[in-house]
Q: 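Got a structure for you, written out below as structure tokens; questions coming shortly.
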Amino acid sequence: MKRLLVLLSLFLSFTLQSQQIIPLNEKAYIDSLQNITKGNHSDPSKATASFLLSNYYRNSDSVLSKKYLAKGKILAQNNPFISAKYYYYEGQYNLDRNKNKAAVSYQQAIQSLSKFKNEESDFLQALAWYSYGVSQKDKEGYIPLVKIMLEKSIPLVEKYKNSRNLGFLYTQLAVILTYNAQFKKAEGYNNKALEILEKQYPNSAELFFTYLNSANNFCYQANGDQAEKYLNKAEKLVRTYPESSSNAFYYYSKTLLYITRQKNEEALPVIEKGILYTRKYNQNLLAQMFYFNKFDILKKLKRYKEAKTTLEDVLTEKSLAIDLNNRKTFYKQLSLLNEELGDTKEALLWEQRYSKLNDSLNTENVKLEINKLETKFNTAEKERRIATLNAEKNQKDLEVNKKNSYLWGMGLVLLLALSLLIFLFIIFRKNKKINEQRINDIKQKEELSLTKAILDGEERERERIARDLHDGLGGMLAGVKINFSTWSSSHLNPEKDQEFYKILGQLDSSVSELRHVARNLMPESLLNFGLETAILDLCEFYRRKNLEIDFQAIDIDKALPLNIQLNIYRIVQELLANAVKHAEASSILLQCSQSGENFLITIEDNGKGFDKNIENTSKSMGLRNLKNRVNYLKGKMEINSDDQGTAINIELNIHGE
């Protein structure tokens with residue numbers, strides 16, 4: 001039971017984001033929307049279909065999602081209601097990229113949609129309120145999100161008593177309650193959803209996910225029999241659609257059921273089936289959830305090496321590790337695994353990372369609790385002032401005894417306020433002492449490991465010296481340059497022997513260029529880990545405080561010939577270098593995908609753009625080099641640039657050299 005609760009926060013991290021319900025007959029649904037966008041339909045119909053397609057692709061293909069969103073906005077220009085819907089889908093697109101920007105879009109959607117009185121408008125407002133709460137969850141916690149659901153979202157839809165939208169919102173509230181271990185309350189809202197959906201919408205995707213959420217809720221209560229009952233119902237709905245991405249969620253719930261019943265060996269093939277679906281539909285976050293459960297099971301089976309490799313892959317992929325609490329859990333588990341494997345050095349390293357992050361999170365939690373208490377105190381103070389003003393209006397009509405009662409009431413309020421301040425002070429002092437004790441404990445641990453670290457440092461220094469030997473030629477040339485400089489200072493006149501000093505400067509430049517070439521001749525990450533990891537490292541190298549780079553890799557074959565990988569890497573390197581050096585952009589989107597013999601590269605930035613005629617000038621060496629590499633791979637390149645930014649699309653034939 002405790003282990004399941006540890007996984008609960010990870011479970012919610014993708015459940016809250018899976019709020020877009022796609023019909024189980026997914027292919028027919030997408031084909032229908034795409035046909036609308038291409039057919040002879042009205043602009044409002046095309047705009048709505050474009051918005052829905054943008055929402056569908058927002059987590060699997062952000063470039064396509066953004067294009068559909070922009071297309072829908074243009075088509076909706078002459079229709080106020082469809083234009084109001086745009087803000088909701090703009091918020092959906094930004095929810096996982098920029099929560100602050102998404103929150104602004106949701107508020108704009110609520111304000112614009114409130115002008116229209118129909119069921120669709122009310123439901124979109126309800127979703128916008130709910131999504132706004134999700135965007136603020138990391139700042140304010142789950143209590144405000146529950147309040148938004150009960151006071152904003154559900155009331156907007158409750159007047160449509162038997163609507164599938166109401167059933168959907170009941171299910172989402174049940175998910176939040178499950179996360180907060182309110183299992184019985186969650187069960188109640190799941191049952192409310194089932195009363196509507198089983199009667200009115202027996203084959204709907206909303207009913208399918210309600211069955212899954214009910215099964216998960218019972219899994220967390222260690223009630224496998226009830227969980228299996230609902231899981232079987234979900235399986236009957238989805239079995240007709242083996243190509244639906246919803247199968248991945250079904251296999252995840254089935255994995256939880258096997259874990260609940262401690263059938264670890266049987267859970268492993270179920271996890272592999274789920275992973276196949278997540279890879280097919282680019283469900284990266286859900287894929288990492290499967291891998292985390294796989295790690296947990298391998299650890300239970302004492303297959304420690306496999307468990308360690310699986311968890312390291314989860315940590316490297318970063319989808320789950322973005323959440324600091326998840327990352328803390330991974331650090332602790334890696335420490336324990338290395339201890340089981342007898343690698344005390346690496347176990348200590350992960351334990352130190354865990355301790356550092358744990359202390360940081362505890363400090364933030366203390367601040368958050370103090371802020372919450374301060375907010376409560378300010379609210380109580382504001383209410384007290386309102387009460388005082390109301391009392392003053394009637395003060396002239398009160399008797400002396402009522403005045404005394406009022407004074408007693410004021411004294412009580414002040415006493416409560418003083419008690420609250422004392423309570424805040426006690427909490428602050430208590431947490432301060434706890435943090436000081438933790439800091440002392442960490443210092444003691446560091447002192448105990450100091451002797452061992454010194455010995456390890458000697459070995460690392462030997463390794464460093466061995467790696468630096470490749471700079472020998474550069475060092476020799478630098479020595480020659482220094483000797484020449486020393487000799488010339490006593491034998492030559494700088495004014496008379498300018499040619500010598502010019503050669504000396506060229507020698508100095510040659511040393512710098514030699515070392516630059518040595519570092520960049522062949523990226524180590526490309527040789528060791530492949531193209532995808534090398535490009536990811538390249539993005540990390542160019543990322544700055546004021547520059548965000550979003551890299552997406554889709555179906556890149558790790559078995560590509562090395563020379564092909566190197567050419568693609570150099571193309572991406574040139575694209576990124578141009579965007580960073582010349583565009584003055586604050587956001588860059590890079591997508592690399594492979595389909596058979598074709599390799600596609602798309603890069604977009606929000607910089608100042610450039611004049612495409614520059615390719616005919618002497619300043620276009622980078623662009624010419626880029627075109628040469630594209631031509632070498634028999635590819636083609638399309639460039640679109642204006643003062644709003646630059647978009648470059650490259651299509652390469654990876655077997656065309």
Side-chain angles (χ1 to χ4, degrees), residues 1-19 134 137 141-143 145-146 149-150 167-194 197 206-235 238 246 248-264 266-268 270-271 274 278 283 285-300 314 320 323 325-326 328-330 332-333:
M1 180 63 181
K2 290 182 178 178
R3 190 189 60 73
L4 286 176
L5 289 175
V6 168
L7 296 176
L8 194 53
S9 61
L10 299 176
F11 160 71
L12 194 75
S13 67
F14 72 84
T15 304
L16 282 181
Q17 299 176 53
S18 66
Q19 55 184 284
V134 172
K137 173 181 66 67
Y142 285 96
I143 293 177
L145 178 56
V146 172
M149 290 289 289
L150 293 174
F168 167 72
L169 290 175
Y170 282 150
T171 302
Q172 291 301 108
L173 179 56
V175 170
I176 300 169
L177 292 171
T178 298
Y179 168 70
N180 287 279
Q182 300 291 317
F183 301 122
K184 292 300 179 183
K185 290 184 179 180
E187 183 180 346
Y189 280 103
N190 276 328
N191 289 336
K192 281 187 174 185
L194 291 173
L197 299 172
E206 286 84 355
L207 179 59
F208 170 75
F209 280 102
T210 303
Y211 283 148
L212 290 187
N213 288 332
S214 297
N216 294 337
N217 185 46
F218 283 113
C219 281
Y220 293 125
Q221 298 179 69
N223 189 340
D225 293 338
Q226 282 292 98
E228 184 176 24
K229 182 178 75 172
Y230 286 105
L231 192 61
N232 288 338
K233 291 182 178 181
E235 194 271 339
V238 80
S246 298
F249 294 97
Y250 164 73
Y251 283 116
Y252 186 81
S253 295
K254 192 171 183 179
T255 299
L256 290 183
L257 177 61
Y258 279 126
I259 292 173
T260 301
R261 289 178 165 172
Q262 298 182 2
K263 295 182 178 181
N264 294 323
E266 295 178 43
L268 289 175
V270 175
I271 289 174
T278 59
Q283 297 165 295
L285 190 56
L286 183 54
Q288 297 311 304
M289 287 300 306
F290 276 113
Y291 281 119
F292 187 83
N293 278 284
K294 181 179 179 180
F295 141 76
D296 193 58
I297 291 172
L298 291 171
K299 181 184 174 186
K300 289 289 183 183
V314 172
L320 290 177
D323 184 276
N325 284 299
N326 291 351
K328 183 182 74 171
T329 300
F330 300 157
K332 186 65 176 179
Q333 292 300 322

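Throughout, residue positions are numbered sequentially from 1 according to the sequence presented. Source: prediction; values computed, not measured. Only this structure's heavy atoms are used, side chains among them; waters, hydrogens and symmetry mates stay out.
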Q: Hey, does the side chain of N217 reach the backbone of N213 with a donor-acceptor pair shorter than 3.5 angstrom?
A: no

Q: Give, for atom CD of Q182 and atom CD1 of I176, the distance between the pair rounded to the nearest 0.5 Å.
A: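 Those atoms lie 12.5 Å apart.
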
Q: Just wondering, do K229 and D225 contact through their side chains at under 4.5 Å, heavy atoms?
A: no

Q: Could you measure the distance from the CD atom of E187 to the CZ atom of F218? Nearest 0.5 Å is fine.
A: 3.5 Å

Q: Quick check for you: to the nearest 0.5 Å, what is the distance between T255 atom OG1 and D296 atom CG?
A: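 It is 11.5 Å, given to the nearest 0.5 Å.
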
Q: When rounded to the nearest 0.5 angstrom, what is the spacing between CG in L256 and CG in L231?
A: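 Reported to 0.5 Å precision, the distance equals 9.5 Å.
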
Q: Locate the shortest heavy-atom distance separating A267 from Y258; write the atom from each residue and the value.
A: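 It is CB-CB, 3.7 Å.
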
Q: State, with a plain yes or no, whether a side-chain heavy atom of N293 is found less than 4.5 Å away from one of Y252.
A: yes

Q: Just checking F330 against F292, ring centres under 6.0 Å apart?
A: yes

Q: Ignoring hydrogens, what is the shortest heavy-atom contact between N190 and T210? Give both atom names and the distance.
A: O-CG2, 3.8 Å

Q: NZ of K185: more than 12 outside heavy atoms within 6.0 angstrom?
A: no

Q: If you define the side chain from C-beta out and look only at heavy atoms, does anything of Y211 sit under 4.5 Å from L194?
A: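 Result yes, sub-4.5 Å side-chain heavy-atom pair found.
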
Q: Hey, mind stepping through L173 and L150 against side-chain contact (heavy atoms from CB on, under 4.5 Å) and telling me if it holds?
A: CA-CA 9 Å; L173 179 56; L150 293 174; 3.6 Å; yes

Q: Is the shortest heavy-atom distance from the side chain of Y291 to the side chain of I271 under 4.5 Å?
A: no

Q: Should K254 and E235 be marked as a salt bridge (charged side-chain N to carboxylate O under 4.0 Å, His left out) after you check the CA-CA gap, both sets of side-chain angles, and the distance that decides it?
A: CA-CA 10 Å; K254 192 171 183 179; E235 194 271 339; over 6 Å; no

Q: What are the two closest heavy atoms between T171 and F209, and how far apart are they?
A: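 Heavy-atom minimum between the residues: CG2-O, 4.4 Å.
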
Q: Are F295 and V314 packed together at the side-chain level, in the sense that at least one heavy-atom pair is separated by less than 4.5 angstrom?
A: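 SC-SC contact between F295 and V314 ruled out.
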
Q: Restricting to non-hydrogen atoms, name the atom on S214 and the atom on Y230 that form the minimum distance, rounded to 0.1 Å.
A: CB-CG, 3.8 Å

Q: Ion pair present between E266 and R261, side-chain N to carboxylate O less than 4.0 angstrom?
A: no

Q: Working to the nearest 0.5 Å, report the span between OH of Y170 and CD of E206.
A: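 These two atoms lie 15.0 Å from each other.
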
Q: For the residue pair Y189 and A174, what are the closest heavy atoms and their distance?
A: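 Result for this residue pair: CB-CB, 4.0 Å.
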
Q: Relative to each other, are the rings of Y220 and F183 parallel, tilted or perpendicular (30° and 60° limits)?
A: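 Rings of Y220 and F183: parallel, under 30°.
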
Q: So which heavy atom on A186 is nearest to which on T178, and how close?
A: CB-OG1, 3.3 Å

Q: My understanding is that only residues two or more places apart in sequence, or in another chain, count here; which of them pass salt bridge (charged side-chain N to carboxylate O under 4.0 Å, His left out) with K294?
A: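 Here the qualifying residues are E272.
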
Q: Do L197 and F168 have side chains that get closer than 4.5 Å, going by heavy atoms?
A: no

